[in-house]
Amino acid sequence: MIRLFDSLKSEVRPLALREPGQVSMYVCGPTVYGLPHMGHGRFTLVWDVLRRWLTFQGYEVDFVSNITDIDDKIINLAAAEQTTEAGIAQRYEQEWWNAMNKIGVAKPTHSPHATHYVAEMVTLIEGFIAEDIAYPLGDGVYFDTSRVADYGALAGQALDSLRAGARVEMVEEKRSPFDFALWKKAKPGEPSWPASFGEGRPGWHTECVVMSLGLLGDGFDLHCGGLDLKFPHHENERAQAIAAGHPFAQHWAHNGFVMVEGEKMSKSLGNFTSLTDLLERTDARAYRLLVLRSHYRSPIEVSPATIEDAERALERLDSLARRFELDQLAGDTFATATQPLPGELAGELAQRVTEFLDDDLNTPLAVAALFEALSQANGLADEGKTAEAQLLAEAINTLFGALGLALIGQGGEIDGESAAIVRLRDEARAAKNWAEADRLRDSLVNLGWIVEDSSSGTVIRH
RNA sequence: GGCGGCGUGGCCGAGCGGUUAGGCAGGGGCCUGCAAAGCCCCGUACUCCGGUUCGAAUCCGGACGCCGCCUCCA
């Protein structure tokens, strides 16, 4: 079984499964009030890779990731654009799925929406109020953090040391500055749901508790998300589950930030790039490769230079696919290793990659091993050991496929005009008419083709 | 103020006591009509100062610098 860093215990430990062979994981999803950005891209890629790798190893993965479709930002945007909250949410949810589709992140097994779980949230909150774990104030209902003994466990701090912080706001009459809103009472014109404690809408931290426990059940295996959700969001989810008497996530995993020139990418700094924009102008696989080449807990620097670096590395992978005529893998379906990969070298490679990935999802080492194998496969082919080389190349393809990265050997559709020029060039070359051959090569290049000679003649691709 | 992380060759990015990761860029060679692709070879890096050790990028102490969380945030 894979070993993963557990943010709660601050150690790498085996992911223990509630039921053998089945993994239940919950990933905090987006609030849909804008285009997805690179940070969203990173967390979806990281957890998609984990999911794929577990699936590849034969586990059945129940992967739940929510859509937060009601919150203050959505309300504000709807007001600003004079449209409905639902309209905003639907629009950006569509953008979200478009981007996920392009970047090759598989759909979750379930993607619950907060607005579909309001009744369950209300019930939970009623229970808290009955036990005085939650208390109503003028503008909403608050959770009393002092009622959870180890509140602050995820933050790695006790409540009183958190309290020493300079940034706590004391604006409300809360019992403690860390008490958080379970429910926000509706102001005129705001969307609301009925509740015994007053019409309103749920606070953010409650939906994930209800949806994760509702869909995955008590004591589910793994809860994931961006590092910035660790505190207070995940802390507050956990507090509610504990207060409600439900065993919660048994393992917590957090991915590192996307950095721009050394600073965290964030909306307030205005240094974010939308994922949608990136996917329009680059090969979507480049970002996956960039993410794979660093460890999921490390910050990654995203810039035009690092993206371009990944795109060039991708070319080398694709040329392997061309040379060995590899099938394109890693679409919507998941690769599964039902039997050992054929070939001695392939077996060794798979073993190394498995060792690396099972050790806290060390994708950079796995990718390094795959690149080494790539050189080896090409070298074997150059030496004429074609069968060995072929098996190794296919293993590389399979393993990249397991990580969701497709190797693409096809260079695009060739139109009639280009095909005709290719024929003429081959004739010129056969006649050793080099000047004409070069002229025809230039015209192919002008049409946007990359031109290569091979034993079977001129090969072109985009 | 509390808690946590990081400083690696031109760039990105692993490493967690001894083995010059890997990628991109650059240089040289093989192959090629010339190219391209591919293969081979080359760059000996680890913020600084002490210490531990036969041996430290890796452990300990200190300094400096940077970043994150403690507020909405993936």
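When reading the values below, keep in mind they use all heavy atoms of this one structure, side chains included, and skip hydrogens, waters and symmetry mates.
- If you check every strand for non-hydrogen atoms under 4.0 Å, A:V459 touches nothing.
- Heavy atoms of A:G256 sit under 4.0 angstrom from at least one base atom.
- Of all nucleotides listed (B:rA35, B:rC72, B:rC67), B:rC72 comes nearest to the side chain of A:P232.
- With both pairing distances under 3.5 Å, B:rU32 is matched to nothing as a Watson-Crick or G-U wobble pair.
- Looking at heavy-atom distances under 4.0 Å, A:D71 makes no contact with the nucleic acid at all.
- Stacking is found between A:W434 and the pyrimidine-like six-membered ring of the B:rG33 base under the 5.5 Å centre-distance and 30° plane-angle cut-offs.
- B:rG43: no Watson-Crick or G-U partner with both key distances under 3.5 Å is found in any strand.
- Pair assignment for B:rA56: none, as no Watson-Crick or G-U wobble contacts are both less than 3.5 Å.
- The residue A:M265 sits close to a base: some heavy atom pair falls under 4.0 Å.
- If you take CG of A:L365 and C1' of B:rG13, they are 11 Å apart, rounded to a whole angstrom.
- For B:rC48, the paired nucleotide is B:rG62, the pair qualifying as Watson-Crick or G-U wobble because both relevant distances are below 3.5 Å.
- For B:rG33, the OP1/OP2 oxygens have no side-chain nitrogen or oxygen of A:N433 closer than 4.0 Å.
- The aromatic rings of A:W252 and A:H223 sit parallel to each other, their planes meeting at less than 30°, with 60° as the upper class boundary.
- Among B:rC34, B:rG15, B:rC40, the nucleotide with an atom closest to any side-chain atom of A:D438 is B:rC34.
- Look at A:S319 and you'll find a side-chain N or O under 4.0 angstrom from OP1 or OP2 of B:rG38.
- Between A:H205 and A:H233, the ring-plane angle classifies as tilted under the 30° and 60° cut-offs.
- In this structure, A:E372 reaches the sugar-phosphate backbone alone: every heavy-atom distance under 4.0 Å involves primed, P, OP1 or OP2 atoms, never a base.
- Using a 4.0 Å heavy-atom cutoff across all strands shown, A:A313 reaches sugar-phosphate atoms only and no base atom.
- For the pair A:S294 and B:rG13, the criterion of a side-chain N or O lying under 4.0 Å from OP1 or OP2 is not met.
- Of the candidates B:rA74, B:rC72, B:rC67, the closest approach to any side-chain atom of A:V258 belongs to B:rA74.
- Within 4.0 Å of A:E301, counting heavy atoms only, lie sugar-phosphate atoms of the nucleic acid but no base atom.
- The distance between the ring centers of A:F248 and A:F220 falls below 6.0 angstrom.
- With a glycosidic angle no further than 90° from 0, B:rG43 counts as syn.
- Defined by atom type and a distance below 3.5 Å, a donor-acceptor pair is present between the side-chain atoms of A:Y135 and A:D179.
- Here, B:rG27 and B:rU19 have their P atoms 31 Å apart, quoted to the whole Å.
- Nucleotides B:rA74 and B:rG68 have their C1' atoms positioned 14 Å apart, rounded to a whole Å.
- Between the side chains of A:S375 and A:R316, a donor-acceptor pair is found at a separation under 3.5 Å.
- As judged by a 4.0 angstrom heavy-atom cut-off over every strand, A:D72 is placed among residues making no nucleic acid contact.
- The distance between atom CG of A:N378 and atom P of B:rA36, rounded to the nearest whole Å, is 16 Å.
- Listed pair A:K264 / B:rC69 meets the phosphate criterion, a side-chain N or O lying under 4.0 Å from OP1 or OP2.
- Here the nucleotide nearest the side chain of A:F371, chosen from B:rG23, B:rC72, B:rA14, is B:rG23.
- Backbone-only engagement by A:R316 is indicated by non-hydrogen atom pairs under 4.0 Å involving sugar-phosphate atoms exclusively.
- The separation between A:L159 atom CG and B:rC70 atom P is 15 Å, rounded to whole Å.
- Distance, A:R312 CZ to B:rG22 P: 20 Å, rounded to whole Å.
- For A:D382, the side-chain atoms get nearest to B:rG38 when compared with the rest of B:rG38, B:rA36, B:rC67.
- Taking atom CD of A:E436 as the reference point, atom C1' of B:rG33 lies 15 Å away to the nearest angstrom.
- A:D309 has its CG atom 14 Å from the C1' atom of B:rG26, to the nearest Å.
- At the heavy-atom level, A:S298 lies under 4.0 Å from the strands shown only through sugar-phosphate atoms.
- Within the shown strands, B:rG10 is the pairing partner of B:rC24 under the Watson-Crick or G-U definition, both distances less than 3.5 Å.
- Between the side chains of A:E394 and A:Q390, at least one donor N or O lies within less than 3.5 Å of an accepting N or O.
- Among the heavy atoms of the strands lying under 4.0 Å from A:I300 are primed sugar atoms or P, OP1, OP2 only; no base atom is included.
- Looking at heavy-atom distances under 4.0 Å, A:D228 makes contact with a base.
- To the nearest whole angstrom, the two P atoms, one in B:rU44 and one in B:rC3, are 43 Å apart.
- A:K432 comes within 4.0 angstrom of nothing in the nucleic acid, heavy atoms only.
- Atom CG of A:D318 and atom C1' of B:rA37 are 13 Å apart (whole Å).
- Rounded to an integer number of Å, the gap from OH of A:Y26 to C1' of B:rA74 is 13 Å.
- Nucleotide B:rC69 forms a Watson-Crick or G-U wobble pair with B:rG2, both donor-acceptor distances falling under 3.5 Å.
- Of the candidates A:T363, A:V49, A:L365, A:N362, A:L357 forms a side chain to side chain contact (heavy atoms under 4.5 Å, CB included) with just one, namely A:T363.
- A:R425 comes within contact range of at least one nucleobase, with a heavy-atom separation under 4.0 Å.
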Apply side chain to side chain donor-acceptor pair (under 3.5 Å) to residues A:N236 and A:Q240 and explain how you reach the verdict. CA-CA 6 Å; A:N236 291 348; A:Q240 290 173 80; over 6 Å; no
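- B:rC42 and B:rU20 have their C1' atoms separated by 12 Å, with the value rounded to a whole Å.
- Of the P atoms belonging to B:rA45 and B:rG9, the separation is 10 Å, rounded to the nearest Å.
- Test A:R285, A:Q410, A:R461 against A:D318 for side-chain hydrogen bond (donor to acceptor under 3.5 Å, both in side chains) and you get one pass: A:R285.
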